[in-house]
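Everything on this sheet refers to the single structure shown next.
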Number of protein chains: 2
Amino acid sequence: MNFPNRKRIILQTVEEKGSVEVKELAELIQTSEITIRRDLTAMAADGLIYRTHGGAMKVGLAINPVQFANKTAVNSENKDYICRLAAQEINEGDIIFMDCGSTVFRLCQFIRNKRIQLITNSLPVVNELLDSEVKVNLVGGEVDSKRQAVHGLIANEHVARYRAHKAFLGVDGISAQHGLSAHSESEAGMTLAMASQADAVYMLCDSTKLEKDKYFHFAPLSLIQVIVTDQAANPDVLELYRERGVRIVN
Amino acid sequence: MNFPNRKRIILQTVEEKGSVEVKELAELIQTSEITIRRDLTAMAADGLIYRTHGGAMKVGLAINPVQFANKTAVNSENKDYICRLAAQEINEGDIIFMDCGSTVFRLCQFIRNKRIQLITNSLPVVNELLDSEVKVNLVGGEVDSKRQAVHGLIANEHVARYRAHKAFLGVDGISAQHGLSAHSESEAGMTLAMASQADAVYMLCDSTKLEKDKYFHFAPLSLIQVIVTDQAANPDVLELYRERGVRIVN
DNA sequence: TGCAATTCGCTCAAGAATAATCAAAATCAA
DNA sequence: TTGATTTTGATTATTCTTGAGCGAATTGCA
């Protein structure tokens, strides 16, 4: 019995029973426990199951994964807080941009029932809003599988064809002095493209990202009009941004 | 016993049993294990089977082991047969179009390991191939939530910017006399856009769609070069298409 | 909190499967 | 037929997988 076959059996068992034990599986598949443990570790790494002591559990979204769901768990209360505020800024009939940040993704749940037009380059966002009131326009171009989003030259050009009322964007780092910075060039390109086509640019960033500089600086602070952040943000820091004409929502 | 014959037997065995071992096949075909291994390697490279240590598995079982159980897609046997044939027409380095038909979607599992460039307007296809060897380019534009695909003017324009070697498309109806027909205008637009930008157009259609006319006729038969269909197709009907210069693969 | 019982991951070794290489056989073209 | 090409088989070195032992970590129970 080889790994793919065991994998199939394990998945099926987990799916049926909700949770399984290592012993149980070893007995069922007629192999050693250490082998099962190794299988479970590998499968958990792929997000197919949830590993527990002594066994494994079914993970809700694992089969049809928007793997994004796991990543968003970090700082999730803060992110939800931010998104709730951001959602209040969106009115019926608005045309908005959303990029592919993990914070921005959580905005989806708060805008499901708004009748708005959305332009995005994020695949999880599109999936999330497929059956909603929101009319979605997807940016075309090269798919970046790691970020589950569309980036590149063609994507930027696509964005340039639209004009929106508001852009809701994430960023890796932001500082009052040096402006916006990112880990990757392509993400920065998309941020710029959307920002330049929007009447108002909203940065959704939890307080940990304030006054942090990442390696690639790509825009001055003047690119944005609003920062939406959480209540853990230092008031003195926020004042820095206000002085430079940025509206703070928190 | 030559390769094509062995291939046929191997495919049939894998299809029946789900998974097989090298030894088993060597015994069955009365040849050496090394030969079987070579056959399996070649077939796996074409995406016809999933290679495991010590044997091979059905592609579907290995790719999404669980969905398989509950998902009783219409005509799935025939569709897999068609897609397996279609996959063999795709070479490393090819640039291909795929549209959003349900048959075309099943092609995904057979091309996961091919190093090719794909341009598609189908969201399920993109999701399916996110973590694969395939480089995906997504067509941008209005998202049609019912069809889970991108359609419309902008989408067609996007397609027009690319040139591909082959297009793999679905269609609602096809007849030797009247050509291609569809249920919806927007889908027809996408089909036309892709077909006109491809060197060779492959229609993937199970035999039930042959000689069927749907309400919206949108292109003559000359638009396409190849029809890939299943073995239930009536030979006399196929002859009609051959007479009109269409290559038949089945 | 502390202790005992599992459970875990790491490393090592044995065995199986594989890829690589080369020789023999079969096939094909002229 | 001869020579070239392809296919097949055998051998060997390498890689992959599995299972066991052992110390470390985690859990459950008192």
Side-chain angles (χ1 to χ4, degrees), chain A residues 1-59 62 70 73-74, chain B residues 1-59 61-65 88-89 91-93 110 112-115 131-133:
Chain A
M1 173 81 70
N2 48 24
F3 177 53
N5 269 311
R6 288 198 305 273
K7 180 174 168 181
R8 193 166 49 86
I9 295 174
I10 292 172
L11 265 180
Q12 205 170 326
T13 313
V14 170
E15 204 59 23
E16 274 172 20
K17 311 178 64 166
S19 76
V20 285
E21 290 180 12
V22 173
K23 279 187 180 174
E24 193 184 337
L25 289 171
E27 176 78 12
L28 177 68
I29 304 185
Q30 285 294 307
T31 182
S32 69
E33 296 184 18
I34 178 69
T35 299
I36 297 294
R37 270 201 290 275
R38 273 195 273 245
D39 290 351
L40 295 183
T41 308
M43 291 167 66
D46 289 345
L48 293 171
I49 54 173
Y50 191 83
R51 188 76 164 90
T52 65
H53 259 256
M57 282 179 63
K58 180 170 159 179
V59 45
N70 309 336
V74 196
Chain B
M1 171 83 67
N2 50 18
F3 179 52
N5 266 316
R6 290 199 306 273
K7 188 170 167 181
R8 191 172 46 78
I9 295 175
I10 292 172
L11 259 182
Q12 196 178 327
T13 313
V14 169
E15 203 61 25
E16 273 172 21
K17 309 181 64 167
S19 79
V20 285
E21 291 180 11
V22 172
K23 281 184 180 173
E24 195 184 335
L25 289 171
E27 175 81 11
L28 176 69
I29 305 185
Q30 284 295 308
T31 182
S32 68
E33 296 185 18
I34 179 71
T35 299
I36 297 294
R37 252 183 248 121
R38 273 194 273 247
D39 290 352
L40 295 184
T41 308
M43 292 167 69
D46 285 346
L48 295 175
I49 55 173
Y50 184 86
R51 189 77 163 89
T52 67
H53 253 251
M57 285 180 73
K58 218 164 137 173
V59 176
L61 279 182
I63 303 300
N64 36 18
Q88 292 185 71
E89 304 275 328
N91 308 314
E92 297 274 303
F110 299 108
R112 295 191 113 259
N113 299 314
K114 292 180 189 272
R115 272 197 295 277
D131 293 308
S132 73
E133 290 293 316

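Order of the sequence lines fixes the chain letters, A, B, ..., with proteins taken first and strands second; residue numbering starts at 1 for each chain. Quantities reported herein were computed from a predicted structural model and do not represent experimental measurements.
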Would you mind reading off the distance between [X] atom [atom1] and [N] atom [atom2], rounded to a whole angstrom?
X	N	atom1	atom2	value
I36(A)	dG9(C)	CD1	P	14 Å
N5(B)	dT8(D)	CG	C1'	16 Å
Q30(A)	dG19(D)	CD	P	11 Å
I29(A)	dT18(D)	CD1	C1'	14 Å
N2(A)	dT15(D)	CG	P	21 Å
R37(A)	dG21(D)	CZ	C1'	12 Å
E21(A)	dT6(C)	CD	C1'	11 Å
K23(A)	dA5(C)	NZ	C1'	10 Å

L28(B) CG to E21(B) CD distance, which is reported to the nearest 0.5 Å
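Here the interatomic distance stands at 13.0 Å.
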Here the gap from D39(A) atom CG to I10(A) atom CD1, rounded to the nearest 0.5 Å, amounts to 4.5 Å
For T31(B) and dT8(D), is the shortest distance between a side-chain N/O and OP1 or OP2 below 4.0 Å?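 T31(B) to dT8(D) OP1/OP2: no side-chain N or O under 4.0 Å.
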task: For the pair E33(A) and K23(A), find out whether any cationic side-chain nitrogen is under 4.0 Å from an anionic carboxylate oxygen.
output: no
Would you confirm whether R112(B), through its side chain, and D131(B), through its main-chain N or O, come within 3.5 Å as a donor-acceptor pair?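 Checking the backbone N and O of D131(B) against the side chain of R112(B), a donor-acceptor pair under 3.5 Å is found.
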query = Between dC8(C), dA19(C), dA20(D), which one does the side chain of R51(A) approach most closely?
reply =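 Among dC8(C), dA19(C), dA20(D), the one nearest the side chain of R51(A) is dC8(C).
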Among the nucleotides dG9(C), dA19(C), dG9(D), whichever has the atom closest to the side chain of I34(A) is dG9(C)
Quick check: any donor-acceptor pair below 3.5 Å linking the side-chain of R38(A) to the base of dG19(D)?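 Counting by modelled atom types and ignoring angles, a donor-acceptor contact under 3.5 Å is found here.
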Heavy-atom distance under 4.5 Å between the side chains of T52(B) and N5(A), does that happen here? no
**Q.** Along DNA chain D (nearest heavy atom to each residue), the more 5'-positioned of D39(A) and H53(A)
**A.**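 Mapping each residue to its closest nucleotide by heavy atoms, the 5'-most match is D39(A).
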Whichever of S32(B) and R6(A) has the more 5' nearest nucleotide on DNA chain D, that residue is S32(B)
